[in-house]
Amino acid sequence: DARVTQTPRDKVTEMGQEVTMRCQPILGHNTVFWYRQTMMQGLELLAYFRNRAPLDDSGMPKDRFSAEMPDATLATLKIQPSEPRDSAVYFCASGPGTGEMTDTQYFGPGTRLTVL
Amino acid sequence: AQSVAQPEDQVNVAEGNPLTVKCTYSVSGNPYLFWYVQYPNRGLQFLLKYITGDNLVKGSYGFEAEFNKSQTSFHLKKPSALVSDSALYFCAVRDIKAAGNKLTFGGGTRVLVKP
């Protein structure tokens with residue numbers, strides 16, 4: 001049963017520290033998405049990749065956040081420096097890319113980030 | 001711009017009774033509509049989607065949803081709810097005319113099924 005995996009599942013850090021979250025999309029999927037979930041804002045799209053190329057990162061604070069796909073099996077989301085307002089659950093999702101408007105996105109279990 | 005509204009923060013239903021979770025959308029073109037469910041401390045799981053064709057879509061775990069273009073709605077339904085259906089449900093939309101692949105989610109509806 002193919003799944004999106006994310007590490008770490010939980011991360012507690014202090015303000016100012018660098019945080020790196022990792023995602024392994026489902027093998028063969030060529031679209032990858034990063035979302036942030038908070039009680040106040042709900043689910044927000046941060047970034048979107050197709051074939052490892054970033055297509056939309058308009059939802060991401062550019063000064064501290066960065067998203068990359070070093071290869072087809074790994075997507076990373078970094079926050080440097082982290083701030084308490086970054087505390088949230090961060091989800092990665094992947095899609096097959098066969099019909100992008102109709103594609104189903106498959107979500108990972110999320111990384112719960114707490115910045116003290 | 002595309003948007004989704006889930007007017008109920010929470011829905012309470014007794015086990016065995018019908019369950020309905022409401023969703024309305026706004027798009028400039030034709031919509032692609034999705035329902036996801038989120039169990040505690042888990043990621044979102046896909047339930048069903050409407051792309052085209054039959055307005056009644058059947059999905060996982062006995063759920064179905066009806067696309068109503070005139071009312072711009074896509075309500076999720078289950079004829080007989082189970083306690084295990086208690087979770088957070090999200091409706092999402094893509095506008096066929098929108099650029100990119102952005103999926104816009106509603107705020108979520110918490111479903112509580114009581115024994």
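Below, read A as the first sequence line, B as the second, and so on, with proteins coming before strands; counting in each chain starts at 1. Only a predicted model underlies this, so the values are computations on that prediction, with no experimental measurement involved. Heavy atoms only: backbone and side chains are in, while hydrogens, waters and symmetry mates are out.
No more than 12 heavy atoms of other residues, nucleotides or ligands shown are found within 6.0 angstrom of CD on A/E14. More than 12 heavy atoms of other shown residues, nucleotides or ligands fall within 6.0 angstrom of atom NZ in A/K62. Few gaps surround CZ on A/R64; more than 12 heavy atoms of other groups in view lie less than 6.0 Å from it.
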Quiz prompt | Stepwise side-chain contact (heavy atoms from CB on, under 4.5 Å) check, A/Y35 with B/L103 | solution = CA-CA 11 Å; A/Y35 290 89; B/L103 193 59; 3.9 Å; yes
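Following chains of ILVMFWY side-chain contacts shorter than 4.5 Å, one can reach B/Y50 starting from B/V93, so the two form part of one hydrophobic cluster. Note: the hydrophobic cluster containing A/W34 also contains A/V19 (ILVMFWY, side chain heavy atoms under 4.5 Å, direct or indirect links). In terms of hydrophobic clustering, with Ile, Leu, Val, Met, Phe, Trp and Tyr side chains grouped at heavy-atom distances under 4.5 Å, B/V37 and B/V57 are assigned to a common cluster. Linking ILVMFWY residues whenever their side-chain heavy atoms come closer than 4.5 Å, directly or via other members, leaves A/F49 and A/F33 in distinct clusters. B/L76 and B/F67 end up in the same hydrophobic cluster when Ile, Leu, Val, Met, Phe, Trp and Tyr side chains are linked at under 4.5 Å.
Heavy atoms closer than 4.5 Å to chain A are found nowhere in B/Q45, neither backbone nor side chain. If you measure heavy-atom distances from B/L44 to chain A, the contacts under 4.5 Å come from both the backbone and the side chain.
For residues 108-116 of chain A, the interface with chain B (any heavy-atom pair closer than 4.5 Å) comprises A/G108, A/P109, A/R112, sorted by residue number.
Considering every non-hydrogen atom in both B/Y36 and A/T104, the closest pair reads OH-CG2, 3.8 Å. The two atoms that bring A/Q37 and B/L88 nearest to each other are NE2-CD2, 4.4 Å, heavy atoms only.
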